[in-house]
Number of protein chains: 2
Amino acid sequence: MEPQEDEENEEAMSERIVVIGGGAAGMSAAAKARRVNPGAEITVYEKSGYVSYGACGFPYFIKGDIPRVEALIVRTPEEFARQNIRVFVHHEVLAVDPDARTVRVRALKHGRTFTQPWDRLILAAGGRPSRPPIPGLDLAGVFTLRVPEDALAIKRWLVEERPVHGVIVGGGYIGVEMAEALTAHGVHTTLVEMLPQLLPTFDADMAAHVLDTLTRHGVDVRLEHRVEAFEGRHGRVRAVVAGGRAFPADVVIFSVGVRPSVELAQQAGLRLGPTGAVAVDDHQRTSHPAIWAAGDVAEVHHVVTDKPAYIPLGTTANKQGRVAGTNAAGGEATFKGVMGTAALVVFDLEVARTGLSEREALAHGLQAQSVTITSSAGAHYMPDHPPLHVKLVFEQGTKRLLGAQMVGRTGVAKRVDVVAAALHAGWTTTELAALDLSYHPAVAPVWDPVLVAANVASR
Amino acid sequence: MEPQEDEENEEAMSERIVVIGGGAAGMSAAAKARRVNPGAEITVYEKSGYVSYGACGFPYFIKGDIPRVEALIVRTPEEFARQNIRVFVHHEVLAVDPDARTVRVRALKHGRTFTQPWDRLILAAGGRPSRPPIPGLDLAGVFTLRVPEDALAIKRWLVEERPVHGVIVGGGYIGVEMAEALTAHGVHTTLVEMLPQLLPTFDADMAAHVLDTLTRHGVDVRLEHRVEAFEGRHGRVRAVVAGGRAFPADVVIFSVGVRPSVELAQQAGLRLGPTGAVAVDDHQRTSHPAIWAAGDVAEVHHVVTDKPAYIPLGTTANKQGRVAGTNAAGGEATFKGVMGTAALVVFDLEVARTGLSEREALAHGLQAQSVTITSSAGAHYMPDHPPLHVKLVFEQGTKRLLGAQMVGRTGVAKRVDVVAAALHAGWTTTELAALDLSYHPAVAPVWDPVLVAANVASR
């Protein structure tokens with residue numbers, strides 16, 4: 001249990017907590033605030049029709065592995081109500097008045113607006129898909145993927161319209177996973193990416209394995225193709241023009257990144273950080289003493305660079321939400337930051353990363369170098385021991401670890417976590433190489449690939 | 001590359017390195033010594049007919065997953081010869097003279113003995129199966145499992161004699177895995193264990209999952225059964241008498257632990273430690289300045305207890321061997337010690353541990369407590385998300401981590417490694433809970449089970 005501070009007199013009155021946004025950050029904050037302060041009045045406003053859902057499961061729902069989108073709901077508004085947390089879906093917060101300590105809310109179903117006072121405010125407005133001004137982006141059949149309504153719309157389109165050709169715009173996590181989902185529906189899928197590689201948070205050499213896998217599974221990947229327009233007929237998409245040619249498309253997934261939804265923060269005069277997201281301290285407090293921010297609307301402290309970063313991920317949103325909720329409810333909690341640990345599964349490939357890629361490290365002015373080794377996730381003599389590629393990024397001279405990227409069929413994500421722990425501890429490659437890691441022929445060679453890479457890096 | 005010290009004058013002459021034992025420790029030492037000192041004369045004597053083999057693969061060879069035992073050989077004597085390392089198999093070292101700096105060797109094939117001088121000696125004599133004086137232990141069909149010859153003999157017996165009933169004596173790693181191997185050959189298998197639980201390095205609650213799995217796969221497990229005798233006819237085993245009753249047995253695997261083979265060390269006057277194995281410092285040096293020891297013959301420093309321990313495992317043998325080889329060859333390397341990290345796969349269960357079990361921690365006089373949680377290796381909404389049981393052991397008050405045990409179908413061993421890193425760093429449960437671990441619905445819930453357990457422990 002987090003230590004619960006004696007509340008000051010003024011704060012003892014402050015018991016109306018309003019949460020803007022019912023995603024992972026907002027609902028974690030609300031639930032944690034309730035545990036810390038059983039007497040507070042806690043109200044959540046969510047613009048969409050859903051709260052507390054596992055957005056990372058959308059591609060599996062769309063693909064068909066998960067039959068109903070409701071399976072992705074962690075807890076319903078009714079379940080929150082039993083904890084005495086009032087959740088209003090289809091309610092959009094229009095404005096925040098930080099001096100009067102109120103929010104202006106519109107009930108989207110009937111259009112009425114009302115004013116709700118708060119003593120402490122948690123801003124968890126999330127992010128939204130980037131939508132640069134490309135002609136035809138509003139055509140029917142062109143989708144972004146962010147909320148359950150998006151996932152439902154894409155699934156319905158795939159089932160009802162039976163598209164033959166699909167185009168994914170953007171080769172990040174969502175784009176790559178949606179390429180698999182479309183392929184599972186028998187859609188001939190092209191993925192167009194502006195950059196010369198997929199997965200920009202990975203180095204090109206590691207991302208190349210993902211390219212191979214997509215290609216092997218029939219996805220037509222076009223790198224260095226910038227989308228110029230979407231062409232349609234009768235309001236429906238027909239083709240995507242990219243790199244000077246038209247790719248036929250009856251369905252398009254547009255996934256070129258996420259931007260923090262900072263409009264309310266800006267209107268309320270909250271300070272934004274260098275990344276453009278809401279600046280927060282290690283208590284998730286914004287520049288206003290009674291407003292906390294958490295999740296995809298906020299910056300995050302990067303443990304390796306010791307600088308603010310914008311890395312919108314569900315894990316971070318959950319943790320920041322708990323910290324914001326604790327502090328807003330009068331408790332005391334801090335968030336140490338992230339290393340940008342992330343994992344991805346696409347077809348038969350498991351991919352993960354932590355810390356800085358070599359490119360990122362160089363961009364931060366670090367004297368970075370790297371080693372890449374290929375080993376396997378099991379002993380060489382086992383009937384099945386698929387290759388495992390490990391790249392370690394470290395500082396020249398000091399050998400301080402900066403990051404890791406791994407690609408394989410199995411045993412990837414949780415091996416990356418070992419390096420995440422090493423980054424958290426601030427170890428060198430030599431210290432990582434000294435670890436007593438588990439060995440069993442079915443799950444690791446006697447020298448775990450992490451140790452092999454650390455040994456090579458330590459030379 | 002380890003820093004290669006300027007050799008002193010006396011040491012510059014010292015170029016005959018003899019290695020006793022060609023297992024993981026001895027061959028790692030020889031290979032590393034060669035890299036550190038290209039001019040040294042390096043000679044390895046191995047009593048069995050094999051060097052450099054993956055002993056942890058024996059159960060898979062016996063089961064039939066690996067067709068030939070030679071597949072377990074990492075490198076052959078011929079391959080070592082190409083590195084100018086002379087390897088003599090079927091050669092037993094009879095005596096060490098630490099003053100004259102010689103070993104007395106017998107060539108087992110023709111019985112000749114000879115004397116080999118050395119300047120630096122690496123003792124990697126390994127361990128041997130415990131063989132308490134139980135009547136009938138020498139009957140045909142009763143096997144221990146240590147060297148490739150043992151694995152071949154067991155496999156041959158299973159294939160040629162087609163035993164109907166088998167008894168495993170001892171519920172440690174080998175016993176449990178061999179229960180699976182015998183079952184795969186259609187043998188009705190009983191496992192008898194003296195203690196009230198399987199896997200004594202685990203706590204009873206976690207070991208119970210392994211008991212369940214064995215039972216579910218048809219193995220008849222008898223706990224608290226002490227073996228009293230083996231009964232035979234015409235020199236062949238017929239039954240195992242344990243706990244006052246006779247269990248029919250046409251094949252017996254006797255696996256009640258490993259003892260260090262310290263006879264040569266004792267004869268040479270090397271100091272043994274409190275565990276009965278050869279005492280070494282962090283350079284793997286014994287009490288004699290020109291003799292190093294590594295692998296199952298030696299003690300190991302336990303990072304969590306800060307005391308010597310005897311934990312004979314292949315991973316440790318490899319690492320100690322490299323350190324011994326480096327130092328014996330005039331380089332400089334240290335071994336930081338182990339946490340007793342170990343993994344096991346039995347039927348569809350993956351099991352792993354690191355640090356101290358709760359029982360071990362209490363036995364060491366630590367104020368230990370624990371939390372056990374059940375989560376899953378993937379998001380709850382995924383079609384397949386088998387349960388994952390996590391037990392964290394930590395110190396009361398300080399919350400310092402002491403150990404972890406995990407049981408599940410997948411994603412177990414490398415999650416334990418995250419805690420191994422945390423133990424190495426000396427973290428509390430709160431520090432572990434702050435880690436940025438990877439998340440993807442196919443490989444982890446948004447709160448990784450390690451974080452869930454750490455959060456519960458931190459309350």
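Values below: every heavy atom of this structure, side chains too, minus hydrogens, waters and symmetry copies. In the text below, chain A, chain B and the rest are named by the order of the sequence lines, each starting its count at 1.
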Restricting to non-hydrogen atoms, name the atom on [X] and the atom on [Y] that form the minimum distance, rounded to 0.1 Å.
{"X": "A:His380", "Y": "B:Ala71", "result": "CE1-O, 3.3 Å"}
{"X": "A:Ala442", "Y": "B:Val345", "result": "CB-CG2, 3.9 Å"}
{"X": "B:His440", "Y": "A:Leu344", "result": "CD2-CA, 3.7 Å"}
{"X": "B:Asp436", "Y": "A:Thr315", "result": "OD1-OG1, 4.4 Å"}

Only pairs of heavy atoms separated by less than 4.5 Å count here; which of A:Tyr173, A:Tyr381, A:Phe335, A:Tyr439 has the most with chain B?
A:Tyr381
Going from CD on B:Glu350 to OG on A:Ser438, what distance comes out if it is rounded to the nearest 0.5 angstrom?
8.0 Å
Could you check which of [options] has the highest count of heavy-atom pairs closer than 4.5 Å to chain A?
{"options": "B:Thr410, B:Leu451, B:Asp448", "value": "B:Asp448"}
{"options": "B:Ala379, B:Gly314, B:Pro383", "value": "B:Pro383"}
{"options": "B:Thr334, B:Asn318, B:Asp65", "value": "B:Asn318"}

Which portion of [X] sits near chain B, non-hydrogen atoms under 4.5 angstrom:
{"X": "A:Lys319", "result": "both"}
{"X": "A:Ala444", "result": "side chain"}
{"X": "A:Glu177", "result": "side chain"}

Residue B:Ile66 versus chain A: region with a heavy atom under 4.5 Å:
side chain
Should the heavy atoms of other residues, nucleotides or ligands under 6.0 Å from NZ of A:Lys155 be counted, would the total exceed 12?
yes
Report, in residue-number order, which members of residues 53-62 of chain B are under 4.5 Å from chain A by heavy-atom distance.
B:Gly54, B:Cys56, B:Gly57, B:Tyr60
Residue-level contacts of residues 414-425 of chain B with chain A, using a heavy-atom cutoff under 4.5 Å:
B:Lys414, B:Arg415, B:Asp417, B:Val418, B:Ala420, B:Ala421, B:His424, B:Ala425
